[in-house]
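Every chain is numbered from 1 and lettered A, B, ... according to where its sequence line falls, protein lines coming before strand lines.
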2 protein chains.
Amino acid sequence: MGATKTDHFTDKQNAIATLAKALGHPARVAIVDYLLKVDACICGDIVNELPLAQPTVSQHLKELKNAGIIKGEIEGNTICYCLDKNSIDKLQSYFANISIKLEKKKKDCC
Amino acid sequence: MGATKTDHFTDKQNAIATLAKALGHPARVAIVDYLLKVDACICGDIVNELPLAQPTVSQHLKELKNAGIIKGEIEGNTICYCLDKNSIDKLQSYFANISIKLEKKKKDCC
DNA sequence: TTTTTATATTGCAATATTACAATATAGATT
DNA sequence: AATCTATATTGTAATATTGCAATATAAAAA
């Protein structure tokens with residue numbers, strides 16, 4: 001017990017959950033916001049932007065990368081991290097679809 | 001250590017993280033999918049739809065409710081759970097906004 | 001009123017996450 | 001080559017999450 005029962009759900013459900021989970025921490029949302037704000041890929045100063053120690057930031061970046069929210073390559077002693085539009089679009093369309101279905105429904109009982 | 005440093009981030013970042021975190025588990029995504037599929041609010045049979053024990057499902061429902069993804073009221077020995085369109089829309093517009101900004105960018109270095 | 005039915009709560013064990021100090025790594029600079 | 005700089009990894013402690021058995025709760029049905 002304690003481990004998520006991933007194999008009992010559909011691939012799509014797991015995929016959405018993985019992406020959502022990656023953004024389920026304010027530091028990682030902040031990283032995404034920062035990547036958008038600077039409008040660039042090379043963000044060597046991201047550690048200075050967050051109220052967290054360098055290893056912690058590195059760990060959060062790793063999780064975002066593992067989940068597919070960002071992609072990045074090592075370039076010497078700097079890093080090139082970019083948002084992966086494909087993943088963002090997956091989330092966007094998932095929620096847009098829900099929203100549309102809720103709009104049609106209107107049986108607003110709660 | 002171990003606790004999330006919530007107070008170091010903006011309210012919006014925390015709000016998005018809370019909503020995303022709630023959907024960061026496939027069982028909770030499955031619950032959302034099911035609420036959409038049945039197109040109704042009263043979903044007493046949700047326990048039978050998931051590969052999890054009743055207390056576990058109850059706990060996931062509680063987390064979805066705490067995060068604001070669903071709203072619900074107790075009605076006798078059945079439950080009326082609905083998706084909260086407001087929360088879904090928050091997520092949808094957050095990701096739509098990111099997507100639009102990424103579209104404009106085009107400096108696809110990674 | 002007793003029983004049934006459906007959901008919630010409690011308690012607990014297994015696992016995962018969060019955070020950081022210390023250290024490693026590797027390209028850039030001198 | 002030695003040093004600097006930026007990021008990654010390791011190890012570890014604190015906390016959170018996941019899952020379920022056992023139990024509680026409360027309205028409905030008998």
Side-chain angles (χ1 to χ4, degrees), chain A residues 1-9 13-14 17-18 20-31 34-35 40-67 69-82 110, chain B residues 1-9 13-14 17-18 20-31 34-35 40-67 69-82 110:
Chain A
M1 311 106 202
T4 296
K5 286 187 157 184
T6 325
D7 45 325
H8 292 80
F9 301 98
Q13 285 164 349
N14 281 313
T18 299
K21 190 178 187 179
L23 293 169
H25 191 292
R28 295 195 286 268
V29 175
I31 288 172
Y34 183 66
L35 285 175
C41 288
I42 299 161
C43 300
D45 49 353
I46 207 162
V47 172
N48 308 318
E49 293 291 322
L50 296 175
L52 296 166
Q54 181 267 324
T56 311
V57 174
S58 186
Q59 189 177 305
H60 283 306
L61 285 168
K62 194 178 176 185
E63 276 173 60
L64 285 171
K65 193 176 176 185
N66 285 342
I69 300 284
I70 61 176
K71 24 182 192 174
E73 297 298 332
I74 299 170
E75 289 193 351
N77 55 354
T78 51
I79 270 293
C80 176
Y81 276 133
C82 304
C110 298
Chain B
M1 309 110 201
T4 296
K5 287 188 156 182
T6 325
D7 45 325
H8 292 80
F9 301 98
Q13 284 165 350
N14 280 312
T18 298
K21 189 178 186 178
L23 292 170
H25 191 292
R28 296 195 286 269
V29 174
I31 289 172
Y34 183 66
L35 285 175
C41 288
I42 299 160
C43 300
D45 49 353
I46 207 162
V47 172
N48 307 320
E49 292 291 322
L50 296 176
L52 296 167
Q54 181 267 324
T56 310
V57 174
S58 186
Q59 188 179 306
H60 283 306
L61 286 168
K62 195 179 176 184
E63 276 173 61
L64 285 172
K65 194 175 177 185
N66 285 342
I69 299 284
I70 62 176
K71 25 182 193 174
E73 298 297 332
I74 298 170
E75 289 192 353
N77 56 354
T78 52
I79 270 292
C80 176
Y81 278 132
C82 303
C110 298

Residues passing the side chain to side chain contact (heavy atoms under 4.5 Å, CB included) test with A20(B), sequence neighbours excluded, are L23(A)
Between NE2 of H8(B) and P of dA19(C) the distance, given in whole Å, is 10 Å
Here the side-chain hydrogen bond (donor to acceptor under 3.5 Å, both in side chains) pairs for residues 47-57 of chain A, sequence neighbours left out, are none
| said: Once you apply a heavy-atom cut-off of 4.0 Å, does E63(A) come out as touching a base, just sugar-phosphate, or nothing? | reply: sugar-phosphate
Quiz item: Does the base of dA8(C) carry an N or O that pairs as donor and acceptor with the side chain of Q59(B) under 3.5 Å?
Solution: no
Separation of dT18(D) atom P from Q54(B) atom CD, nearest Å, is 17 Å
What is the ring orientation for H25(B) with H60(B), classed by angle as parallel under 30°, tilted 30 to 60°, or perpendicular over 60°? tilted
note: H25(B), atom NE2; dA16(D), atom P; distance rounded to Å ~ 18 Å
Looking only at dT18(C), dT9(C), dA19(C), the nucleotide nearest the R28(A) side chain is dT18(C)
Between its two end axes (five pairs each) the helix from dT1(C)-dA30(D) to dT30(C)-dA1(D) turns, nearest 10 degrees, through 20°
note: L50(B), atom CG; dC20(D), atom C1'; distance rounded to Å ~ 15 Å
From CG of N48(A) across to P of dT7(D) the rounded distance in Å is 9 Å
Output for pair (N14(A) CG, H8(A) NE2), nearest 0.5 Å, gives 11.0 Å
Rounded to whole Å, the NZ-C1' distance (K62(A) to dA8(D)) equals 8 Å
N66(A) atom CG is separated from dT9(D) atom C1', nearest whole Å, by 14 Å
Working for side chain to side chain contact (heavy atoms under 4.5 Å, CB included), residues L61(A) and I46(A): CA-CA 10 Å; L61(A) 285 168; I46(A) 207 162; 4.2 Å; yes
With the side chain defined as heavy atoms from C-beta on, T56(A) is closest, among dC20(D), dT7(C), dC20(C), to dC20(C)
The nucleotide from dT18(D), dT18(C), dT9(C) with an atom nearest the side chain of H60(B) is dT18(D)
To the nearest 0.5 Å, atom CZ of R28(A) lies from atom CG of L50(A) at 12.0 Å
Considering only heavy side-chain atoms of S58(A), the closest of dA22(D), dA8(D), dA16(D) is dA8(D)
Atom NZ of K21(A) and atom P of dT15(C) are separated, to the nearest Å, by 15 Å
To the nearest 0.5 Å, atom NZ of K65(B) lies from atom NZ of K71(B) at 11.5 Å
Review point. At under 4.0 Å, does any side-chain N or O of Y81(B) touch on OP1 or OP2 of dA8(C)?
Key: yes
